[in-house]
Protein chains: 2
Amino acid sequence: MVDHAPSAAGTAPEDALAAALSGDPGAPGAPGAPAGPASGDAVAAAARPRRSAATRAAILAAARDRFAADGYERATIRAIARDAGIDPSMVMRYYGNKAGLFAAASEIEVHAPDLTHVPRDEAAARLVRHFLERWECDETLTAMMRVGVTNEAGAERMRGVFAEQIEPVLAAVCPVPEEAPTRAALVASQILGMALCRYVLHVPPAVGLTHDEVVAWLAPTIQRYLTAEHP
Amino acid sequence: MVDHAPSAAGTAPEDALAAALSGDPGAPGAPGAPAGPASGDAVAAAARPRRSAATRAAILAAARDRFAADGYERATIRAIARDAGIDPSMVMRYYGNKAGLFAAASEIEVHAPDLTHVPRDEAAARLVRHFLERWECDETLTAMMRVGVTNEAGAERMRGVFAEQIEPVLAAVCPVPEEAPTRAALVASQILGMALCRYVLHVPPAVGLTHDEVVAWLAPTIQRYLTAEHP
DNA sequence: ACTGTAGGCCAACGGCCGTTGACATTCCAG
DNA sequence: CTGGAATGTCAACGGCCGTTGGCCTACAGT
């Protein structure tokens with residue numbers, strides 16, 4: 001009778017991740033960032049490069065690699081710290097906790113191209129090629145997919161990226177504005193599906209396609225999702 | 001001197017999963033399965049329902065739910081056993097270890113429909129509708145996706161399902177046989193992408209589509225991947 | 001009635017994890 | 001030169017995990 005809600009015991013860590021991904025300012029601020037030398041010149045304080053910048057960057061780079069390779073649960077702070085060549089406690093000092101580190105390592109900028117000044121029948125090809133390059137330039141998107149699939153907070157972040165960075169861009173070329181969300185979701189389903197097969201599951205025939213082949217196959221699909229009349 | 005390979009300690013769990021998913025017979029056999037009453041009638045021994053069958057089924061059902069909801073790492077044997085109403089050690093007795101349990105819980109049967117006797121222009125719609133229903137009838141496919149994205153052994157299993165259960169079915173309706181793998185991968189990318197958005201990431205516009213709408217949008221895409229000439 | 005065996009529970013072990021706090025070192029302002 | 005903040009190391013804590021082995025119970029064959 002002592003424990004009245006044992007079934008909810010396992011959800012605490014996930015809450016931490018959710019809070020961190022929501023931009024919750026609850027994380028303990030890194031030393032050196034908030035308070036300057038008190039009476040010193042604010043501009044000088046901001047301009048002086050912190051010696052820790054290199055360490056922070058190394059941690060972030062190692063974290064991106066590990067999260068992309070292993071997902072959130074299997075990527076351990078100890079392993080990330082080892083890759084970065086520092087002590088695990090430094091990760092805590094700079095990013096508060098594991099969730100905060102992931103939130104920092106998974107800041108997503110899709111940089112979807114502006115399609116308003118692209119000929120309508122080239123928009124889809126442009127889009128496909130952009131995402132191929134974006135996906136291969138670093139492993140952030142792979143990491144986001146790994147965590148989004150496993151973790152509800154990660155999924156929420158992906159929905160946010162979709163709503164804030166994908167939908168608006170596609171709405172600009174949608175003939176009927178109120179259909180934009182549906183059409184954007186269809187586009188996302190095809191692009192994410194190809195990324196899943198090619199970069200995460202490594203399905204051989206999907207890996208073997210050249211960029212041009214992927215564009216040639218997918219662009220007509222995307223184009224139809226964008227502009228064809230509602231079936 | 002007892003333990004001769006201490007350096008490989010960190011990789012053991014993943015290897016165990018890989019071995020289990022490869023159908024490695026190394027797992028300790030469950031009691032009651034291999035040896036009958038020695039001198040008894042073999043038919044009677046096989047027919048007599050083991051009292052443990054219900055427990056085994058309960059474990060498997062709980063495992064499917066947990067793996068689907070949490071992925072491989074976060075789904076704990078303790079939680080699965082609690083859901084099944086038994087002791088964690090029973091899981092070990094029946095399935096050897098966690099990897100063996102997952103291997104048993106993720107036996108995938110896609111049951112892709114035979115398309116050889118379907119009018120060519122209906123094949124795609126039939127396929128899309130089948131996968132919608134298949135995906136919603138239980139959570140096995142969601143579990144497979146969660147693990148396939150996070151775990152290399154899980155990805156290997158998905159590639160196996162693709163090669164053995166998807167590719168052959170689609171090859172039957174492919175005009176050019178040697179293009180079958182590529183076309184099957186394209187089909188898989190669209191179907192898995194929609195499943196990802198709809199059942200895993202829960203992207204709102206994708207969730208809101210009815211079956212008929214999904215079929216209406218996706219079928220032309222699938223049809224083109226199946227039968228349109230190579231672009 | 002007796003006994004072997006399958007089914008089940010319990011307590012524990014060793015290990016890895018995230019996290020913490022105390023202590024050493026480097027750097028810079030005064 | 002000196003004091004304090006920034007940077008970094010080390011060792012440890014508590015917790016949860018997968019896994020193991022011992023012990024108890026119920027039942028079927030003889």
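Just so it is clear, the structure is predicted and the values come from calculations on it, not from any experiment. Basis for what follows: all heavy atoms, side chains included, without hydrogens, waters or symmetry-related copies. Order of the sequence lines sets the chain letters (A, B, ...), proteins ahead of strands, with each chain counted from 1.
- Distance CE (M90(A)) to C1' (dT25(C)): 12 Å, rounded to an integer number of Å.
- The CG-P distance, from N97(B) to dT19(D), rounds to 5 Å in whole Å.
- Contact check, S89(A) against dT20(C): no side-chain N or O comes under 4.0 Å of OP1 or OP2.
- Rounded to whole Å, atom P of dC16(D) lies 17 Å from atom CD1 of I77(B).
- Using a 4.0 Å heavy-atom distance criterion, A75(B) is classed as a sugar-phosphate-only contact.
- The nearest whole Å value for the distance from the CZ atom in R66(A) to the P atom in dG18(C) is 12 Å.
- With respect to the salt-bridge test (charged N to carboxylate O, under 4.0 angstrom), the residues E152(B) and R159(B) qualify.
- The nearest whole Å value for the distance from the CG atom in D70(B) to the P atom in dC16(D) is 16 Å.
- With R66(B) as reference, D83(B) is the one residue of D83(B), I77(B), T76(B) to meet the side-chain contact (heavy atoms from CB on, under 4.5 Å) rule.
- In this structure, the CE atom of M92(B) is 9 Å from the P atom of dG18(D), given to the nearest Å.
- For T76(A) against dC16(C), no side-chain N or O and base N or O form a donor-acceptor pair under 3.5 Å.
- Put simply, CZ on R93(A) is 13 Å from P on dA5(D), counting in whole angstrom units.
- Contact between the side-chain N/O atoms of T55(A) and the OP1/OP2 oxygens of dG8(D) is found at a separation under 4.0 Å.
- When each of K98(B) and D87(A) is assigned the nucleotide of DNA chain D bearing its nearest heavy atom, the one mapping closer to the 5' terminus is D87(A).
- If you take CZ of R78(B) and P of dG18(D), they are 7 Å apart, rounded to a whole angstrom.
- You'll find the side chain of L170(B) reaches within 4.5 Å of the side chain of L127(B), heavy atoms only.
- Below 30°, between 30° and 60°, or above 60°: for F67(A) and F102(A) the angle between ring planes is above 60°, a perpendicular geometry.
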